Amino acid sequence: VSKLKSIEGINYVWVEEADETVLDDYLQLNLRARGANENGINQLFYTFNPSNEMSYLKDLTDSPPNDVGVCHSTYKDNTFLPELEREQIEKLIDMDVSYHKIYALGQWASLKGTIYTNWEVCKDWPESFDDTRYGLDFGYNNPTALVEINYLDDVVYLKELLYESGLTNPNLIDRLDQLIDKGHLMVADCAEPDRIEEIYQHDYDVHACHKGVDSVRRGIDIVRSKKIYYHLESDNLRKESSAYKWREDAKGNGLDEPVKFNDHLMDAVRYGIAYGEDDIQIVYGGEGVEEVATMAVLAGMDDEEDEWKDWE
């Protein structure tokens, strides 16, 4: 939007994710979309999810002026929406009240309980870092997400490297060859051991993340303990982090787990940052038995059969 403000004589402007703009942006663009043309038509097109009830857009759409038209649509109107994404949206009714209103019904709501509130955009990216690693969340219908995690002093710097659907593992390895340094640690989703093994066979220092009892919440706590900046061009990382929130029940009460929706980079960030910091000793025991284990070991336990599995 800031770049468009410096352009004179434009006729049409389409602003995606318009809920991230402020009233001054709207007023300035409205003044500049006045270019002369043979049809005499100048228009602004704003598309957005109604995710902030305090936004100027709520007043603008609730009581639109004579020169403003409002078109309300939902995922049901999108004939090109993949079936998997449709199913994910419809499941929101059982996951979170606010998410269901915003992303399924297209109704105004505010996201309460945002998980990461201390992340800031980095406008002056450091030239070097003390250490670098990567976090990888596998996908196919959903995006495969890869994030670069850099450390400088006590600060973490994140950069989105990949956010793409439809990648087979050979496709992904081709992307990795172009994007990352094989000499750095990469932490990937442990739910895909075959994919991890194939990447390892291509000489990557890839490790499975740790999953187990309460590992998501504890991983989030580790990430929240860091001061984090993200790269200016990491658009999907910014969008995911701003909407990443704790679940709410039907009464609006907060639950101690995140909403499982559009969180691919959030998972990748957690895998990478928490790795090496989540191996605390915890107690696991059945009747008359008590074992001391790390989260890495508990990641290999079968919840139904209470059997140990080999995750080496």
Side-chain angles (χ1 to χ4, degrees), residues 82-85 87-88 129 131-151 156-213 215-216 218-220 222-223 230-231 234-237 240 258 260-279 293-305 307-312:
E83 185 60 30
L84 177 61
E85 191 168 346
E87 292 174 359
Q88 290 174 334
F129 298 97
D131 190 26
T132 296
R133 63 174 58 178
Y134 307 99
L136 175 64
D137 186 54
F138 295 112
Y140 185 78
N141 294 314
N142 285 319
T144 293
L146 176 69
V147 63
E148 179 182 290
I149 304 166
N150 300 290
Y151 295 85
V156 176
Y157 294 82
L158 303 176
K159 185 177 183 180
E160 173 189 331
L161 297 181
L162 181 67
Y163 196 82
E164 185 176 348
S165 301
L167 292 180
T168 64
N169 225 38
N171 295 151
L172 173 58
I173 292 170
D174 286 343
R175 297 286 196 283
L176 295 177
D177 289 343
Q178 301 168 21
L179 292 171
I180 74 173
D181 184 340
K182 289 186 177 182
H184 292 309
L185 169 71
M186 177 165 54
V187 186
D189 186 357
C190 66
E192 300 273 7
D194 291 343
R195 300 187 72 174
I196 291 175
E197 175 63 22
E198 185 176 0
I199 293 171
Y200 175 77
Q201 293 300 328
H202 282 76
D203 299 324
Y204 284 95
D205 184 20
V206 59
H207 296 247
C209 71
H210 298 161
K211 287 185 180 180
V213 181
S215 61
V216 173
R218 293 196 323 102
I220 287 173
I222 292 171
V223 176
Y230 60 88
H231 194 276
S234 297
D235 292 336
N236 294 299
L237 184 68
E240 282 197 12
K260 192 63 185 169
F261 183 71
N262 286 347
D263 58 352
H264 318 293
L265 282 162
M266 295 301 94
D267 286 349
V269 168
R270 189 179 73 253
Y271 299 156
I273 292 180
Y275 189 83
E277 295 191 37
D278 56 0
D279 275 345
T294 67
M295 290 299 295
V297 174
L298 288 177
M301 292 206 59
D302 187 299
D303 293 334
E304 296 181 358
E305 300 177 4
E307 295 179 352
W308 297 100
K309 293 180 180 178
D310 182 7
W311 280 70
E312 294 300 324

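Only a predicted model underlies this, so the values are computations on that prediction, with no experimental measurement involved.
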Tyr200, OH: over 12 other non-hydrogen atoms inside 6.0 angstrom: no
CA sep, side-chain torsions, deciding dist, call: Thr132, Leu185, side chain to side chain contact (heavy atoms under 4.5 Å, CB included): CA-CA 8 Å; Thr132 296; Leu185 169 71; over 6 Å; no
Stepwise side chain to side chain contact (heavy atoms under 4.5 Å, CB included) test for Asp131 and Asn150: CA-CA 6 Å; Asp131 190 26; Asn150 300 290; over 6 Å; no
If you compare all heavy atoms of [X] against all heavy atoms of [Y], which two are closest, and at what distance to 0.1 Å?
X: Val223; Y: Arg270; result: CG2-CA, 4.0 Å
X: Leu146; Y: Met186; result: CD1-SD, 4.2 Å
X: Val187; Y: Ala208; result: CG1-C, 4.3 Å
X: Tyr151; Y: Gly272; result: OH-O, 4.3 Å
X: Thr144; Y: Gly139; result: OG1-O, 2.9 Å
X: Met266; Y: Glu240; result: N-OE1, 3.1 Å

Whether Lys182 side chain and His202 backbone form a donor-acceptor pair below 3.5 Å: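 Pair found, side chain donor or acceptor close to backbone of His202.
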Main-chain N/O of Glu160 paired to Glu148 side chain as donor or acceptor, under 3.5 Å: no
Got a salt bridge between [X] and [Y], using NZ or NE/NH1/NH2 to carboxylate O under 4.0 Å?
X: Glu164; Y: Arg175; answer: yes
X: Asp189; Y: Arg195; answer: no
X: Lys260; Y: Asp267; answer: yes

Candidate pair Asn141 and Glu83, rule side-chain hydrogen bond (donor to acceptor under 3.5 Å, both in side chains), full reasoning: CA-CA 9 Å; Asn141 294 314; Glu83 185 60 30; over 6 Å; no
Full working for side chain to side chain contact (heavy atoms under 4.5 Å, CB included) between Lys159 and Tyr230: CA-CA 6 Å; Lys159 185 177 183 180; Tyr230 60 88; over 6 Å; no
Mind checking the [atom1]-[atom2] spacing from [X] to [Y]? Nearest 0.5 Å is all I need.
X: Asn262; Y: Gln88; atom1: CG; atom2: CD; answer: 7.5 Å
X: Phe138; Y: Ile196; atom1: CZ; atom2: CD1; answer: 5.0 Å
X: Thr168; Y: Tyr140; atom1: OG1; atom2: OH; answer: 7.0 Å
X: Leu237; Y: Leu161; atom1: CG; atom2: CG; answer: 10.0 Å
X: Tyr271; Y: Asp137; atom1: OH; atom2: CG; answer: 4.5 Å
X: Ile173; Y: Ile199; atom1: CD1; atom2: CD1; answer: 5.5 Å

Note, Val216 side chain near Pro258 side chain (heavy atom, < 4.5 Å): yes
Heavy-atom check, side chain of Leu179 versus side chain of Tyr134, under 4.5 Å: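 They are not in side-chain contact.
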Stepwise side chain to side chain contact (heavy atoms under 4.5 Å, CB included) test for Leu167 and Leu162: CA-CA 11 Å; Leu167 292 180; Leu162 181 67; 3.8 Å; yes
Pair Tyr204-Glu198, side-chain hydrogen bond (donor to acceptor under 3.5 Å, both in side chains): steps then yes or no: CA-CA 9 Å; Tyr204 284 95; Glu198 185 176 0; over 6 Å; no
Output field: ring centroids His231/Tyr157 closer than 6.0 Å: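 No, the ring centres sit 6.0 Å or more apart.
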